[in-house]
Student: 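Below is the structure I would like to discuss, written out as structure tokens.
Everything quoted here is computed from the prediction, not taken from an experiment. Residue indices begin at 1 and follow the sequence shown.
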Amino acid sequence: MIPPDPEALVRDHTVYSCVMGSRAFGLATDGSDTDRRGVFLAPTPLFWRFDKPPTHVEGPAQEQFSWELERFCELALRANPNVLECLHSPLVEHVDAVGRELLSLRVAFLSRLAHQTFVRYALGQHRKLEADVRQYGAPRWKHAMHLLRLLTSGRDLLRTGELVIEVGPAREELLAVKRGEVPWPEVERRMTRLAEENDEAAEYSPLPPQPDRARVEDFLIRTRRVSALRPEQG
């Protein structure tokens, strides 16, 4: 069997794809990019070779990135913010039977691990913004806006057990940050308050301590088995 090239895997074996970024968050403005994310299922026989299929593929379109199903599930079980948000995009462009089952597992991926990953990621971005302020006198305001959005999303996830990525009524307040209309000290104050609210929410969160790894693994094994029995591969 001739292994497909990475772009063919995305083109022929995508099970789920969506739009992410500002358009999914409800923060798009004129000129906003269209960021596409997806999940592809590499045919099982490809894993029997010494050279394994890629865990992710950039492209073929601009601003497009896809994960192989197993890698995607691994990251989601670890509460990777980007991957969890991908599962909750309101802008789904393609989904097949495997993709629909993946979406039905959204709750299985959610756990209190999100407290660590969302806040840790935000703290890392905060340090980069502080470095920008020291070097250039101002942060990258778009990044500051998204950091506030992420901290708000993480806090609400911990409070409610549900991940909603659209910013809703907070849109104008966040876009004001993006335009640089909110002083940096005030933006930092908001970041600090949101981080503290994440900590408080984690103590009483309805989320389980760990994700339902067994349920996700069962899905992955069944999906791989079905793929192995298909006559057309590659």
Side-chain angles (χ1 to χ4, degrees), residues 4-42 53-69 71-76 79-106 109 114 117-118 121-122 124-125 128-129 132 139-154 156-157 162-182:
D5 62 53
E7 291 189 359
L9 286 171
V10 173
R11 184 181 63 247
D12 300 333
H13 300 283
T14 290
V15 301
Y16 170 70
S17 63
C18 66
V19 172
M20 284 301 298
S22 294
R23 297 193 183 279
F25 302 140
L27 292 168
T29 57
D30 292 342
S32 290
D33 294 331
T34 300
D35 300 319
R36 288 183 166 86
R37 299 292 179 266
V39 182
F40 63 91
L41 173 63
T55 59
H56 60 271
V57 175
E58 293 191 46
Q62 289 188 341
E63 310 299 334
Q64 182 179 10
F65 186 96
S66 300
W67 296 269
E68 206 283 323
L69 178 64
R71 178 60 173 166
F72 184 86
C73 289
E74 288 176 345
L75 293 173
N80 178 287
N82 292 324
V83 171
L84 287 182
E85 290 187 330
C86 180
L87 274 175
H88 292 78
S89 173
L91 304 178
V92 176
E93 292 194 319
H94 170 79
V95 62
D96 67 4
V98 173
R100 283 190 290 274
E101 186 168 3
L102 175 66
L103 290 179
S104 76
L105 291 171
R106 282 184 290 201
F109 291 106
T117 56
F118 276 64
Y121 181 82
Q125 294 301 307
K128 292 180 181 179
L129 293 173
D132 287 340
R140 289 165 291 178
W141 292 110
K142 180 179 178 180
H143 291 199
M145 174 191 71
H146 280 297
L147 195 158
L148 289 170
R149 180 204 62 78
L150 181 69
L151 284 169
T152 302
S153 179
D156 293 346
L157 167 61
E162 298 181 3
L163 181 57
V164 178
I165 69 172
E166 291 179 283
V167 300
R171 170 183 164 84
E172 292 308 318
E173 182 180 285
L174 288 168
L175 288 178
V177 173
K178 180 183 178 181
R179 293 190 295 265
E181 296 171 359
V182 182

Student: Is it true that a side-chain atom of H143 and a backbone atom of P139 form a donor plus acceptor pair closer than 3.5 Å?
Tutor: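 Not confirmed, H143 side chain does not pair with P139 backbone.
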
Student: Check R179, M145, H146 against L174 for a side chain to side chain contact (heavy atoms under 4.5 Å, CB included) and give me the one that passes.
Tutor: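 When side chain to side chain contact (heavy atoms under 4.5 Å, CB included) is applied between L174 and each of R179, M145, H146, only M145 qualifies.
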
Student: Decide if atom CD of E162 counts as having more than 12 heavy atoms of other residues, nucleotides or ligands within a radius under 6.0 Å.
Tutor: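 No.
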
Student: Among R149, R106, R37, find the one that has a salt bridge (Lys or Arg N to Asp or Glu O under 4.0 Å) with E85.
Tutor: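 It is R149, the one option of R149, R106, R37 that forms the salt bridge (Lys or Arg N to Asp or Glu O under 4.0 Å) with E85.
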
Student: How far apart are the closest heavy atoms of F118 and A79, and which atoms are they?
Tutor: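 Minimum heavy-atom separation between F118 and A79: CE1-O, 4.2 Å.
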
Student: Look at the side chain of T14 and the backbone N and O of F40, then say whether any donor-acceptor pair between them is shorter than 3.5 Å.
Tutor: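 Checked: no pair found.
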
Student: Are any non-hydrogen side-chain atoms of L9 and D5 less than 4.5 angstrom apart?
Tutor: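 A side-chain contact is absent here, since even the closest heavy-atom pair is not under 4.5 Å.
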
Student: Is the side chain of S89 donor-acceptor paired with the backbone N or O of C86 at a distance under 3.5 Å, no angle test?
Tutor: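 No, S89 side chain to C86 backbone: no donor-acceptor pair under 3.5 Å.
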
Student: So, does S104 use its side chain to make a donor-acceptor pair with the main chain of E101 at under 3.5 Å?
Tutor: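 Such a contact is found between S104 side chain and E101 backbone.
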
Student: Please identify which of these residues, N82, N80, T55, L84, meets the side chain to side chain contact (heavy atoms under 4.5 Å, CB included) condition with L75.
Tutor: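 Checked N82, N80, T55, L84 against L75; only one passes side chain to side chain contact (heavy atoms under 4.5 Å, CB included): N80.
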
Student: CD1/I165 to CG/L163 distance, rounded to the nearest 0.5 angstrom?
Tutor: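 I165 CD1 to L163 CG: 7.0 Å, rounded to 0.5 Å.
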
Student: What's the spacing between E68 CD and E74 CD if we round to 0.5 Å?
Tutor: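 Reported value, rounded in 0.5 Å steps: 9.5 Å.
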
Student: Sub-3.5 Å donor-acceptor pair from the side chain of R36 to the main-chain atoms of M20, do we have one?
Tutor: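 Looks like no, no N/O pair under 3.5 Å.
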
Student: Minimum heavy-atom separation for R100 to V95, with atom names?
Tutor: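 Minimum heavy-atom contact is N-CG2, 3.3 Å.
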
